[in-house]
2 protein chains.
Amino acid sequence: MYSYTEENYLKTIYKLSEQGNESINTNSIAEVLQTKAASVTDMIKKLADKKLLNYEKYKGVALTEKGRKVAVDTVRKHRLWECFLYDKLKFGWDEVHEIAEQLEHINSELLTDKLEEFLDFPTHDPHGDPIPTKNGVIKKSNFILLCDAKPNQTLVMSGVADHTAVFLQHLNKISVVLGTEIQITEKNDYDGSIAVKLSGNKSMYFSKDVAKNILVKVK
Amino acid sequence: MYSYTEENYLKTIYKLSEQGNESINTNSIAEVLQTKAASVTDMIKKLADKKLLNYEKYKGVALTEKGRKVAVDTVRKHRLWECFLYDKLKFGWDEVHEIAEQLEHINSELLTDKLEEFLDFPTHDPHGDPIPTKNGVIKKSNFILLCDAKPNQTLVMSGVADHTAVFLQHLNKISVVLGTEIQITEKNDYDGSIAVKLSGNKSMYFSKDVAKNILVKVK
DNA sequence: AAATATTTTTAGGCTTGCCTAAAAATTGTA
DNA sequence: TACAATTTTTAGGCAAGCCTAAAAATATTT
Ligand SMILES: [Mn+2]
Ligand SMILES: [Mn+2]
Ligand SMILES: [Mn+2]
Ligand SMILES: [Mn+2]
């Protein structure tokens with residue numbers, strides 16, 4: 001139906017919209033897609049012709065409902081495939097994204113549905129991101145950053161704000177596993193570092209750089 | 001590494017070579033790929049430049065070892081994905097090919113290897129076709145056509161010569177399942193039809209059109 | 001408000017993979 | 001062997017997606 005490239009543009013615009021920005025400008029799309037502004041203008045015109053987004057010269061773009069559907073469906077496929085790679089094929093959470101970038105463009109509604117069933121209808125991908133439903137509903141998580149959480153509450157490590165492989169590999173190194181329950185025991189204003197305790201009297205320390213990229217849920 | 005289109009050309013040339021033809025001519029490639037001879041000539045030149053095949057004007061083409069590797073690896077991925085779709089996602093054997101045509105172009109050696117392991121190292125796909133090994137070895141099956149088999153031997157239905165969905169759906173309708181053991185009880189020269197018996201005194205009849213497209217192994 | 005800097009669009013061009021129409025080579029036939 | 005039919009290649013062109021360089025519009029300073 002839509003090309004690999006078109007889906008990537010729509011997904012990028014969708015993600016930029018989710019990050020608060022009302023109208024998306026040419027340069028930010030170019031930056032994410034590692035391409036040039038002139039190329040973005042070309043593609044924007046084509047997507048506008050196909051009613052996938054609204055475009056007014058020099059004013060940026062916004063997805064139409066039709067465009068949002070395509071984008072969310074691509075995100076849905078991406079995250080389901082990440083679950084498959086992680087849960088079934090035992091890839092590390094730092095390895096799944098690149099392969100899912102390819103798999104998300106496989107075009108078969110039946111495949112997506114059967115994959116979802118095979119995976120037992122997962123609600124979140126290996127990075128804690130929510131999986132949109134078949135009808136495009138995406139439950140927004142009430143996660144907060146670990147660096148913003150209060151002491152003396154039971155927190156569940158539930159996601160990451162930084163999806164880069166280097167960050168995820170660092171989390172592997174310091175043995176961070178999503179789903180782990182923690183309580184903040186100490187917050188250091190000086191360097192922003194945080195000490196937490198886990199079940200079984202174990203403790204961990206997070207630098208500010210790490211704490212600001214871990215998402216937790218208050219239990 | 002190689003484009004979707006390049007892989008499809010190489011796979012097509014490989015399959016035509018397997019069907020006995022020593023040197024592959026332009027028109028037969030065009031027919032399989034549903035494209036025009038002029039387009040094939042264009043692509044052939046590019047593939048020859050990349051040393052994936054040997055080409056002499058007006059003399060047809062033959063894959064180089066390098067080209068054969070790419071083709072066989074694509075076939076390997078195709079058949080592994082068919083196993084996944086059939087065994088794990090419970091697709092019918094008439095549904096898997098189209099989706100595997102897309103999945104075979106996913107580019108990740110690690111993915112292919114992990115998929116193979118997840119599937120428990122299958123040797124044959126749902127249609128009875130052998131799965132090439134990682135190093136490109138493909139065991140050629142000693143299957144014969146049911147219409148050529150002799151009576152009073154135990155035969156195992158092991159594959160199909162016709163891969164079209166209509167044929168496979170017809171086999172579903174008459175309850176043909178690969179792996180079933182049969183013995184020919186009657187061969188009718190008049191219309192080429194064949195009667196067989198199964199375990200438990202059940203019997204089946206195959207028209208010539210069906211019998212000439214079922215592959216059996218002599219037990 | 002004018003000048004300057006930044007962003008966006010336009011113009012023109014490239015590659016890949018496809019097409020049609022015409023030319024060239026090969027194959028089949030009289 | 002000469003003519004006809006078929007196959008293959010060449011020539012020229014198109015759409016998708018990308019590029020650089022230049023022009024136009026918008027935003028920011030002074
Ligand atoms: Mn991802
Ligand atoms: Mn993810
Ligand atoms: Mn197939
Ligand atoms: Mn098959």
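Below, chain A is the first sequence line, B the second, and so on; all start at residue 1.
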Problem set entry | Spacing between A:Ile44 atom CD1 and C:dT9 atom C1', to the nearest angstrom | 10 Å

For this session: Decide if atom NZ of B:Lys114 counts as having more than 12 heavy atoms of other residues, nucleotides or ligands within a radius under 6.0 Å.
Result: yes

Exercise. Counting any heavy atom closer than 4.0 Å, what does B:Thr41 reach on the DNA or RNA strands: base, sugar-phosphate only, or nothing?
Worked result: base

For this session: Could you work out which one of C:dG17, D:dT20, D:dA16 sits closest to the side chain of A:Lys46?
Result: D:dA16

Problem set entry | Test item: A:Ile24 and A:Val61 side chains (from C-beta on) under 4.5 Å apart, heavy atoms | yes

For this session: With the side chain of B:Thr26 defined as its heavy atoms from C-beta on, choose the nearest nucleotide among D:dC18, C:dC18, D:dT8.
Result: D:dT8

For this session: Using only side-chain N and O atoms of A:Tyr55, determine if any of them is under 4.0 Å from OP1 or OP2 of C:dT9.
Result: yes

For this session: Answer yes or no: does a side-chain N or O of A:Ser3 lie under 4.0 Å from OP1 or OP2 of D:dA16?
Result: no

Exercise. Would A:Asp209 and A:Ser207 count as having a side-chain donor-acceptor pair, cut-off 3.5 Å?
Worked result: no

For this session: To the nearest Å, give me how far apart CD (B:Gln34) and P (C:dC18) are.
Result: 12 Å

Exercise. OP1 or OP2 of C:dC19 sitting under 4.0 Å from any side-chain N/O of B:Thr35?
Worked result: yes

For this session: Could you walk me through whether A:Phe84 and B:Phe84 pass ring-ring contact (aromatic ring centres under 6.0 Å, His included), step by step?
Result: CA-CA 12 Å; A:Phe84 169 70; B:Phe84 169 70; 4.9 Å; yes

For this session: In whole angstrom, give the distance that lies between atom CD1 of A:Ile24 and atom P of C:dT8.
Result: 11 Å

Exercise. Only one of A:Asn188, A:Ile214, A:Ile184 forms a side-chain contact (heavy atoms from CB on, under 4.5 Å) with A:Ile194, so which one is it?
Worked result: A:Ile184

For this session: Assign A:Tyr4 to base, sugar-phosphate, or nothing according to its heavy-atom contacts below 4.0 angstrom with the strands shown.
Result: nothing

For this session: In whole angstrom, give the distance that lies between atom CG of B:Leu47 and atom P of C:dT16.
Result: 12 Å

Exercise. Looking for any heavy atom pair under 4.0 Å, which part of the strands does B:Lys59 touch: base, sugar-phosphate only, or nothing?
Worked result: nothing

For this session: Return yes if a side-chain donor-acceptor contact under 3.5 Å exists between A:His78 and A:Asp125, otherwise no.
Result: no

Seminar exercise, completed: Regarding the side chain of B:Asn25, the nearest nucleotide among D:dT8, C:dT8, D:dG17 is D:dT8

Problem set entry | Distance below 4.0 Å between A:Tyr58 side-chain N/O and C:dT10 OP1 or OP2 | no

Problem set entry | Distance in angstrom units between B:Lys45 NZ and D:dT9 P, rounded | 8 Å

Problem set entry | Interatomic distance, B:Glu56 CD vs D:dT9 C1' [rounded to whole Å] | 14 Å

Exercise. Expressed in angstrom and rounded to an integer, what is the separation of A:Met43 atom CE from C:dT10 atom P?
Worked result: 16 Å

Exercise. For DNA chain D, whose closest nucleotide is more 5', that of A:Lys50 or that of A:Lys57?
Worked result: A:Lys50

For this session: Under 4.0 Å between any heavy atoms, over every strand shown, what does A:Asp42 touch: base, sugar-phosphate, or nothing? Just pick one.
Result: base

Seminar exercise, completed: Among C:dG17, D:dT8, D:dA11, the one nearest any side-chain atom of B:Ala38 is D:dA11

Problem set entry | Between C:dT15 (P) and B:Asp49 (CG): distance, integer Å | 14 Å

Exercise. Contact class for B:Ser39 vs. all strands (heavy atom < 4.0 Å): base, sugar-phosphate, or nothing?
Worked result: base

